[in-house]
Amino acid sequence: EQASRVGRYVRHAGIRFDHAYASTLARTHQTIERICDLPFERVPDLREWSFGEYEAERVDLMPPRPWGDFFKQFGGEGEEEFSRRVNDALVRIMRRPGHEHVLAVSHGSASLAFMERWRDAGDTRYTDVPGNCSLVRYAFDGEGFSLEEILEQEDMRSVLGE
């Protein structure tokens, strides 16, 4: 329902995408298909943070953030490695010709890592993982990104009168 709401919001707002990308995980494919009718490319570097042996474990077993290199000892990724992977993938995507309005569907920690990479030092508006199926809009100037806005599910419900 949340992904379908994003799709309704996108149509209501007249937002058009010229390209679409998703992580290789099936849940992002289900999400993107409810948002737009574009064919999409699966991008392994948009996958969620690799937790190694911690994959699929209960959240209460994880240490408090920041996680830093905690998961490396379990065969997972360090925070810098993860952030660089996601960031580099989105920069490569946006530098492709004709990529003005791109939809990229990923995961909560990936969204937060990307947001933290491009947040202005004084910007305290958004400091936590964006909510499930939120719509996060960035501008890209050919070199870097600037966070424009985050629309959470309740924002979309309000606009749509739901």
Side-chain angles (χ1 to χ4, degrees), residues 1-7 17 19-36 38-96 99 101-154:
E1 177 55 31
Q2 290 176 327
S4 295
R5 181 174 297 110
V6 174
F17 301 106
H19 297 278
Y21 297 86
S23 152
T24 55
L25 297 182
R27 67 180 182 260
T28 63
H29 307 165
Q30 295 163 348
T31 298
I32 206 167
E33 289 167 349
R34 286 168 177 77
I35 295 172
C36 70
L38 283 176
F40 61 93
E41 183 178 328
R42 291 157 179 85
V43 179
D45 285 342
L46 294 180
R47 286 182 69 119
E48 184 61 285
W49 193 331
S50 172
F51 298 141
E53 295 172 16
Y54 262 73
E55 291 293 335
E57 286 293 341
R58 296 185 329 266
V59 174
D60 64 332
L61 294 177
M62 295 178 163
R65 287 184 186 256
W67 292 329
D69 287 340
F70 176 79
F71 297 107
K72 283 181 131 182
Q73 64 187 319
F74 303 103
E77 291 176 290
E79 188 167 2
E80 181 57 34
E81 176 185 6
F82 166 62
S83 178
R84 190 176 327 106
R85 172 174 56 83
V86 172
N87 178 71
D88 290 354
L90 289 166
V91 168
R92 281 192 310 272
I93 287 168
M94 291 307 297
R95 286 185 173 160
R96 292 178 178 177
H99 282 60
H101 304 282
V102 173
L103 174 63
V105 177
S106 189
H107 307 275
S109 290
S111 294
L112 180 61
F114 187 77
M115 185 171 55
E116 287 175 343
R117 166 66 176 89
W118 294 105
R119 182 192 341 260
D120 288 333
D123 188 352
T124 59
R125 294 176 297 166
Y126 310 109
T127 57
D128 202 1
V129 176
N132 198 39
C133 276
S134 57
L135 192 58
V136 185
R137 187 168 56 93
Y138 292 89
F140 182 70
D141 65 8
E143 295 299 320
F145 294 86
S146 56
L147 177 61
E148 300 283 316
E149 71 177 328
I150 297 179
L151 288 164
E152 299 284 1
Q153 284 287 309
E154 58 268 16

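Heavy atoms only: backbone and side chains are in, while hydrogens, waters and symmetry mates are out.
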Give me the atom names and distance for the closest heavy-atom approach of [X] to [Y].
| X | Y | result |
| --- | --- | --- |
| L90 | F145 | O-CZ, 3.8 Å |
| F17 | C36 | CD1-CB, 4.5 Å |
| A113 | F82 | CB-CE2, 3.7 Å |
| R85 | P44 | NH1-O, 3.9 Å |
| G78 | D69 | CA-OD1, 3.4 Å |
| S23 | L46 | CB-O, 3.5 Å |

Report yes if the side chains of [X] and [Y] come closer than 4.5 Å at any heavy-atom pair, otherwise no.
| X | Y | answer |
| --- | --- | --- |
| E116 | S83 | no |
| K72 | E81 | yes |
| N87 | V91 | yes |
| M62 | W67 | yes |
| V6 | Q2 | no |
| H19 | L38 | no |
| L135 | I150 | no |

Partners of Q153 by side chain to side chain donor-acceptor pair (under 3.5 Å), sequence neighbours excluded?
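Per chain and number, Q153 pairs via side chain to side chain donor-acceptor pair (under 3.5 Å) with R5.
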
State which residues pass side chain to side chain donor-acceptor pair (under 3.5 Å) with R95; sequence neighbours excluded, sorted by chain then number.
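Testing R95 for side chain to side chain donor-acceptor pair (under 3.5 Å), a comparison that skips the adjacent residues, returns E143.
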
Compute the ring centroids of Y21 and H99, then answer whether they are less than 6.0 Å apart.
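Between H99 and Y21, which both carry aromatic rings, the centre distance is below 6.0 Å.
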
Run the side chain to side chain contact (heavy atoms under 4.5 Å, CB included) check on V43 and I93 step by step: do they pass?
CA-CA 10 Å; V43 179; I93 287 168; 4.2 Å; yes

Regarding [X] and [Y], is there a side-chain donor-to-acceptor distance under 3.5 Å anywhere?
| X | Y | value |
| --- | --- | --- |
| H107 | R27 | yes |
| R47 | T24 | yes |
| R65 | S109 | yes |

Ring pair (Phe, Tyr, Trp, His ring centres under 6.0 Å) partners for Y138, two or more places apart
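For Y138 the ring pair (Phe, Tyr, Trp, His ring centres under 6.0 Å) partners, ignoring immediate neighbours, are F114.
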
Can you name the ring pair (Phe, Tyr, Trp, His ring centres under 6.0 Å) partners of H29, sequence neighbours left out?
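H29: ring pair (Phe, Tyr, Trp, His ring centres under 6.0 Å) contacts with F40.
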
Suppose we screen for salt bridge (charged side-chain N to carboxylate O under 4.0 Å, His left out). Which residues come up paired with E80, at least two apart in sequence or across chains?
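Per chain and number, E80 pairs via salt bridge (charged side-chain N to carboxylate O under 4.0 Å, His left out) with R84.
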
With sequence neighbours excluded, what pairs up with D60 under the salt bridge (charged side-chain N to carboxylate O under 4.0 Å, His left out) test?
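Salt bridge (charged side-chain N to carboxylate O under 4.0 Å, His left out) check on D60 returns R58.
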
Where the side chain of E77 meets the backbone of S50, is there a donor-acceptor pair that is under 3.5 Å apart?
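Indeed, once roles are kept as given, a pair shorter than 3.5 Å links the two residues.
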
Could you walk me through whether L103 and I35 pass the side chain to side chain contact (heavy atoms under 4.5 Å, CB included) check?
CA-CA 9 Å; L103 174 63; I35 295 172; 3.7 Å; yes

L147 vs W118, test: side chain to side chain contact (heavy atoms under 4.5 Å, CB included). Steps then yes/no.
CA-CA 7 Å; L147 177 61; W118 294 105; over 6 Å; no

Give the ring-plane orientation class for F51 versus W49, where under 30° counts as parallel, over 60° as perpendicular and anything between as tilted.
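Tilted, since the angle between the ring planes falls between 30° and 60°.
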
